[in-house]
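This structure is in structure tokens; I'll ask about it shortly.
Note that these values count all heavy atoms, side chains included, but never hydrogens, waters or copies made by symmetry. Order of the sequence lines fixes the chain letters, A, B, ..., with proteins taken first and strands second; residue numbering starts at 1 for each chain.
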There are 2 protein chains.
Amino acid sequence: MTSTPTLDAPRSATKTPPARTWTIAELAREYNVTPRAIRFYEDEGLLFPTRAGMSRIYSQGDRWRLGWVLRGKRLGFSLAEIKELLDLYHADRSGVQQLRAIVRKSREHVGELETKLRDLRAQIAEFREVEGHAVQMLRDKGVDPESE
Amino acid sequence: MTSTPTLDAPRSATKTPPARTWTIAELAREYNVTPRAIRFYEDEGLLFPTRAGMSRIYSQGDRWRLGWVLRGKRLGFSLAEIKELLDLYHADRSGVQQLRAIVRKSREHVGELETKLRDLRAQIAEFREVEGHAVQMLRDKGVDPESE
DNA sequence: TATAACGTTTACGTAAACGTCAATGCGACC
DNA sequence: GGTCGCATTGACGTTTACGTAAACGTTATA
């Protein structure tokens with residue numbers, strides 16, 4: 001875990017904090033996924049942790065990227081789409097053509113997301129209504145809908 | 001919501017209203033999916049069109065269900081989950097236990113949907129910012145971000 | 001009447017996203 | 001120094017959601 005007390009960072013000289021890292025198992029627990037899935041995401045080019053010997057070491061940035069990937073999954077995107085979006089997010093911004101591409105793709109994606117937003121609002125409304133009906137029917141039967 | 005026998009169309013004749021139906025190819029075109037997919041959804045218990053000879057005939061209700069299925073897919077649900085939700089939507093409401101189950105599952109699902117909603121808002125905000133930055137950088141370079 | 005344009009079933013193929021071994025390495029502890 | 005415990009890399013298996021092709025029936029039109 002926190003390995004051998006060999007030479008520590010010269011805290012008095014440098015202002016950089018210890019820079020926490022994580023093992024694959026720690027991240028897996030935290031995000032409730034398997035190590036296998038995390039390695040798979042790396043194979044797919046979504047993560048690129050450093051190594052300590054053979055073991056993978058995850059930085060704050062890798063951790064953030066993993067969270068981002070999982071959020072994308074919850075929203076129904078494929079790993080390929082998520083990769084494109086992450087790459088876009090960290091894309092080269094040096095040239096005009098690159099910037100134009102970023103603008104175009106961002107707008108495209110926001111459009112998609114807004115469609116999902118409408119779908120989502122509609123489903124939420126529908127299921128609130130379903131719930132409301134059921135609750136009312138329970139009341140009509142003289143049953144408290146909140147009791148076990 | 002029953003009869004309002006005012007100055008509506010004369011219902012004097014014996015016939016019921018036309019009741020439009022659709023073929024599988026028509027629905028496939030309309031919803032931009034393949035007939036194969038529509039048949040697959042039927043195999044999975046998501047649709048149950050009637051038949052005219054061997055051919056499938058889709059009612060207004062089937063059409064609605066198909067749209068519902070596709071919306072669920074866009075929101076990242078599996079066909080199994082969608083089936084559960086659709087079944088819930090049309091579930092037996094006769095008994096107290098059934099009604100309780102409906103209330104519980106509806107609330108569960110709304111909770112899931114609200115998580116997605118937060119995820120979605122966050123992603124929209126992020127990509128609007130990505131776009132905004134790129135647009136600003138183009139302006140800084142003296143380029144009109146809107147021109148081709 | 002033939003053939004195109006749809007529809008059907010059956011069956012095998014496939015891409016995505018992992019799960020599940022198996023064999024192995026490696027530092028930690030007893 | 002043996003055994004945990006966690007890490008690694010293959011490699012094959014599995015589930016989901018269809019795609020694709022073959023073989024065939026049914027209606028419309030030339």
*asked:* Less than 4.0 angstrom from a charged side-chain N to a carboxylate O is my criterion; do K83(B) and D87(B) meet it?
replied: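 Looking at D87(B) together with K83(B), the answer is yes, because their closest N to O distance falls below 4.0 Å.
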*Side chains of E42(A) and Y58(A): does their closest heavy-atom pair fall under 4.5 Å?*
yes
*Backbone N or O of L46(B) within a donor-acceptor pair of the R65(B) side chain at under 3.5 Å?*
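Present.
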*Output yes when R107(B) and E146(A) qualify as a salt bridge under the 4.0 Å nitrogen-oxygen rule, no when they do not.*
yes
*asked:* With rounding to the nearest 0.5 angstrom, report the CG to CG distance, D92(A) to L88(A).
replied: 11.5 Å
*Residues touching DNA chain C, which here means a heavy atom under 4.0 Å, drawn from residues 21-34 of chain B*: T23(B), I24(B), A25(B)
*Do D62(A) and Y41(A) have side chains that get closer than 4.5 Å, going by heavy atoms?*
no
*Taking only side-chain nitrogens and oxygens of R56(A), does any of them come within less than 4.0 Å of OP1 or OP2 of dT9(D)?*
yes
*Measure the distance from CZ on R39(A) to C1' on dG19(C) and round it to the nearest whole Å.*
12 Å
*Answer yes or no: is there an ion pair linking R128(A) with E114(B), defined by an N-O contact shorter than 4.0 Å?*
yes
*Is E108(A) salt-bridged to R104(A), cutoff N-O under 4.0 Å?*
yes
Report, one pair per line, the protein and nucleotides 10-13 of chain C atoms (nitrogen or oxygen only) whose separation is under 3.5 Å.
none

_In this structure, would F77(B) and W64(B) fall into the same cluster of hydrophobic residues linked by side-chain contacts under 4.5 Å?_
yes
_Do E84(A) and S78(A) make a side-chain contact, defined as non-hydrogen atoms from C-beta onward lying under 4.5 Å apart?_
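The answer is no, as the side chains (C-beta and beyond) never meet within the 4.5 Å cut-off.
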*Any pair counted as side chain to side chain donor-acceptor pair (under 3.5 Å), so long as it reaches residues 22-35 of chain B, sequence neighbours left out*: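 Listed once each, the pairs are E30(B)-R63(B).
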_Can you list, in residue-number order, the parts of residues 64-80 of chain A that come under 4.0 Å of DNA chain D, counting heavy atoms only?_
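Under 4.0 Å from DNA chain D: no residue of residues 64-80 of chain A.
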_Please check this pair: side chain of R121(A) against backbone of L117(B), looking for a donor-acceptor N/O pair closer than 3.5 Å._
no
*On DNA chain C, check which nucleotide each of Y41(A) and M54(A) is closest to and give me the residue with the more 5' one.*
Y41(A)
_Option among K116(B), K73(B), R74(B) that satisfies the side-chain hydrogen bond (donor to acceptor under 3.5 Å, both in side chains) test with D119(A)_ = R74(B)
*To 10°, what angle do the rotation axes through the five end pairs on each side of the helix from dT1(C)-dA30(D) to dC30(C)-dG1(D) form?*
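Answer for the end axes of this duplex: 10°.
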*Give me the ring orientation class for F127(A) and Y89(B): parallel if the planes are under 30° apart, tilted from 30 to 60°, perpendicular past 60°.*
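Ring orientation, 0 to 90° scale: perpendicular.
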*Establish, from distance only, whether the side-chain atoms of Q123(B) and H109(A) form a donor-acceptor pair under 3.5 Å.*
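There is such a pair between these side chains.
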*asked:* Contact list please: residues 42-53 of chain A against DNA chain D, heavy atoms, distance less than 4.0 Å, in numerical order.
replied: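 Here the set is R51(A).
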*Whole Å only: how far is the CD1 atom of I38(A) from the C1' atom of dA17(C)?*
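I38(A) atom CD1 is separated from dA17(C) atom C1' by 14 Å.
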